[in-house]
Amino acid sequence: MIGYLNLFLRLSIWFLLTADFSILNISLGIAIAFLLPGLNKTPSRLQDWLRVFWEIVVAVPQAYWEAIEIMVSPHNQEEITLERVKPQRTPGLIFLDIFLITFTPKTVVVKYHEEGWYEVHKINRS
C-alpha cells in the first residue's frame, strides 16, 4: 500500500510539472516513477501518510488566513528557526512535510539538514 502512495506522489509531481494528460505523457510519467530510485528503501506506515494528507487539507484555509493577515497588518520581523524532522520519515513524507511548511505564506523551508532538521524562515508581526 505504501509503495502505491510513493508512486502516486511521484506521478502527482510529474503531472504538476508537465500539465499534460496525454497517453504518451502518462506512460512517460509511470515509467519515470518506477525508474526513480528509492521506492522501498525505508518502510513507512499508512497512518503517517494519512496524517500528512490531513495536515495538508487543514493547511489550505490556514494559508488563506495568513495571506489575509499579511495584507492587513505588516509583518516586519523575520526569524530562522530549526525544526526537528519527525522520527522515521521516508523521503516521500519528508517532501510532504517540506511542502506543508512552505505552503503557508508566513513560512518557507530554507534548507533540509541530513541530521534531521528543517531550517525554516518565518515572518512575524512587529
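FYI, the numbering just counts along the sequence from 1.
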Q: With sequence neighbours left out, write down each residue that passes ring pair (Phe, Tyr, Trp, His ring centres under 6.0 Å) with Tyr112, or none if nothing qualifies.
A: Tyr118

Q | Atom pair CG (Leu100) and CD1 (Ile56), whose distance is rounded to the nearest 0.5 Å | A | 6.0 Å

Q: Quick one: pull up CD1 in Ile26 and CG in Leu11 and give me the separation to the nearest 0.5 Å.
A: 9.0 Å

Q | Path from Phe34 to Ile32 over hydrophobic side-chain contacts below 4.5 Å | A | yes

**Q.** Connected via hydrophobic side-chain network under 4.5 Å: Phe15 and Leu24
**A.** yes

Q.
Please check if the number of heavy atoms outside Leu17 that lie under 6.0 Å from its CG is greater than 12.
A. yes

Q. Would you find more than 12 non-hydrogen atoms of other residues, nucleotides or ligands less than 6.0 Å from Trp117 atom CH2?
A. yes

Q: Identify the two heavy atoms, one from Ser73 and one from Arg125, that lie closest to each other, and give their separation to 0.1 Å.
A: OG-CD, 3.3 Å

Q: Go through the steps for Glu55 and Lys86 under the test salt bridge (charged side-chain N to carboxylate O under 4.0 Å, His left out), then give the verdict.
A: CA-CA 14 Å; Glu55 289 174 359; Lys86 295 174 186 167; 3.5 Å; yes

Q) If you take all heavy atoms of Pro105 and Ala67, which pair is closest and at what distance? A) CG-N, 3.9 Å

Q: Could you tell me whether a side-chain N or O of Glu66 sits under 3.5 Å from a main-chain N or O of Lys106, the two making a donor and an acceptor?
A: yes

Q: Flag yes if Val85 and Val120 sit in one hydrophobic cluster, no otherwise; membership is Ile, Leu, Val, Met, Phe, Trp, Tyr, and two members link when side-chain heavy atoms are under 4.5 Å apart.
A: yes

Q) Looking at residues at least two apart in the chain, or sitting in another chain, which of them share a ring pair (Phe, Tyr, Trp, His ring centres under 6.0 Å) with Phe103? A) Phe99

(Q) Between Thr102 (side chain only) and Val108 (backbone N and O only), is there a donor and an acceptor less than 3.5 Å apart? (A) no

(Q) Taking CZ in Phe53 as the centre, count heavy atoms belonging to other residues, nucleotides or ligands within less than 6.0 Å. Is the count above 12? (A) yes

(Q) Under 4.5 Å between side-chain heavy atoms, counting indirect links through other Ile/Leu/Val/Met/Phe/Trp/Tyr residues: same cluster for Phe21 and Ile30 or not? (A) yes

(Q) Grouping I, L, V, M, F, W and Y whenever their side-chain heavy atoms are under 4.5 Å apart, do Ile98 and Val110 come out in a common cluster? (A) no

Q.
For Lys122 and Glu83: C-alpha separation, side-chain torsions, deciding distance, then whether salt bridge (charged side-chain N to carboxylate O under 4.0 Å, His left out) applies.
A. CA-CA 12 Å; Lys122 296 180 181 183; Glu83 293 186 11; 3.5 Å; yes

Q: Please round to the nearest 0.5 Å and tell me the distance separating atom CD1 of Ile101 and atom CD of Glu119.
A: 12.0 Å

Q | Any Asp97 side-chain heavy atom under 4.5 Å of Val52 side chain | A | yes

Q) Rounded to the nearest 0.5 Å, what separation is found between the CH2 atom of Trp14 and the CG atom of Asp20? A) 9.5 Å

Q. Of the options Ile80, Val109, Thr107, which is the one that meets His121 in a side chain to side chain contact (heavy atoms under 4.5 Å, CB included)?
A. Ile80

Q) NE2 of His75 to CG of Asn124: how many Å apart, nearest 0.5 Å? A) 7.0 Å

Q. Say you draw a straight line from CD1 of Ile94 to CD of Glu114; how long is it, rounded to the nearest 0.5 Å?
A. 8.0 Å

**Q.** Note, Thr90 side chain near Phe95 side chain (heavy atom, < 4.5 Å)
**A.** no

